[in-house]
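Report on one structure; see the data block that follows.
This chain uses plain numbering: 1 for the first residue, then up along the sequence. Each ligand, and each atom within it, is numbered from 1 in the order the structure gives. Model, not experiment: these values are computed from the prediction.
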Amino acid sequence: MNCGICMAYLREKNKCFGCTSEDPYMRSYCRECTIRNCETIKTNTSGFCYECADFPCKRLKQLDKRYSAKYHMSMLENLEIIRSKGIKALLEREEEKWKCPECGGVISCHNGICYGCGQDILKYTKKVSRQ
Ligand SMILES: [Zn+2]
């Protein structure tokens with residue numbers, strides 16, 4: 001998960017510090033996440049799930065399915081890019097993918113809102129492509 005496109009990370013008030021932080025504002029859903037608390041990933045050299053013998057585990061597959069269906073992104077695809085091309089390549093791709101066409105701000109995958117100009121960009125994009 002790229003925290004940079006998460007609505008909890010992007011918001012001004014009670015801003016989350018990221019999945020791997022000890023954040024007081026982190027939602028319990030995130031705090032109790034089995035991937036976040038996975039013991040195996042802590043022993044990985046890379047810090048990424050693809051190194052695990054169980055990759056992709058049941059929990060990761062469930063999360064990926066939900067994000068692919070609802071939030072226009074895939075954790076498994078991201079991990080594959082990191083494994084084959086490196087983290088820099090993923091971040092460059094993410095920056096392009098989630099850049100607001102109006103102001104260049106960051107769009108959250110969770111709500112489609114640009115945190116630069118406040119527009120509902122994913123709705124906007126759908127509207128534009130229908131014309
Ligand atoms: Zn914008």
Side-chain angles (χ1 to χ4, degrees):
M1 176 66 197
N2 171 11
C3 286
I5 58 167
C6 173
M7 60 189 271
Y9 186 82
L10 288 166
R11 69 185 171 210
E12 288 293 317
K13 201 178 168 202
N14 297 342
K15 186 178 163 75
C16 178
F17 301 138
C19 291
T20 56
S21 71
E22 291 303 325
D23 182 352
Y25 300 116
M26 189 181 288
R27 288 172 55 203
S28 60
Y29 171 81
C30 299
R31 190 182 312 281
E32 291 153 18
C33 172
T34 50
I35 295 171
R36 180 180 182 273
N37 295 301
C38 176
E39 286 303 318
T40 311
I41 201 167
K42 289 172 190 159
T43 64
N44 282 357
T45 320
S46 66
F48 294 106
C49 291
Y50 57 72
E51 228 185 285
C52 183
D54 293 332
F55 177 78
C57 67
K58 194 178 160 203
R59 172 67 182 131
L60 183 58
K61 279 195 273 191
Q62 284 173 341
L63 194 66
D64 185 70
K65 196 176 168 188
R66 199 161 68 83
Y67 268 74
S68 297
K70 288 179 73 179
Y71 302 127
H72 317 273
M73 62 152 287
S74 161
M75 273 99 181
L76 293 177
E77 194 183 296
N78 284 358
L79 282 162
E80 191 42 52
I81 293 169
I82 297 169
R83 174 160 53 184
S84 62
K85 298 175 183 161
I87 186 76
K88 198 170 171 274
L90 176 76
L91 291 175
E92 281 168 4
R93 182 178 179 268
E94 288 284 282
E95 196 179 327
E96 207 46 54
K97 182 178 176 183
W98 301 102
K99 188 190 273 181
C100 174
E102 296 295 313
C103 77
V106 179
I107 303 164
S108 170
C109 69
H110 293 121
N111 56 16
I113 303 287
C114 168
Y115 281 73
C117 65
Q119 283 197 70
D120 184 345
I121 297 300
L122 296 185
K123 198 166 142 189
Y124 166 84
T125 307
K126 268 181 240 157
K127 222 186 288 168
V128 167
S129 62
R130 252 188 270 127
Q131 287 172 350

Any donor and acceptor pair, going by atom type alone, linking the side chain of Asn2 with main-chain N or O of Gly4 inside 3.5 Å? yes

Heavy-atom count check: over 12 atoms from other residues, nucleotides or ligands less than 6.0 Å from Tyr67 OH? yes

Which protein N, O or S atoms does the Zn ion (ligand 1) have within a distance shorter than 2.8 Å? Cys100 SG, Cys103 SG, Cys114 SG, Cys117 SG

Regarding Glu22 and Arg36, does a basic nitrogen lie under 4.0 Å from an acidic carboxylate oxygen? yes

Filter on salt bridge (charged side-chain N to carboxylate O under 4.0 Å, His left out), then keep only pairs touching residues 75-85, sequence neighbours left out; what's left? Glu77-Arg93, Glu80-Arg83

Closest contact, heavy atoms only, Lys15 versus Tyr9: NZ-O, 2.6 Å

Just wondering, do Cys49 and Ile41 contact through their side chains at under 4.5 Å, heavy atoms? yes

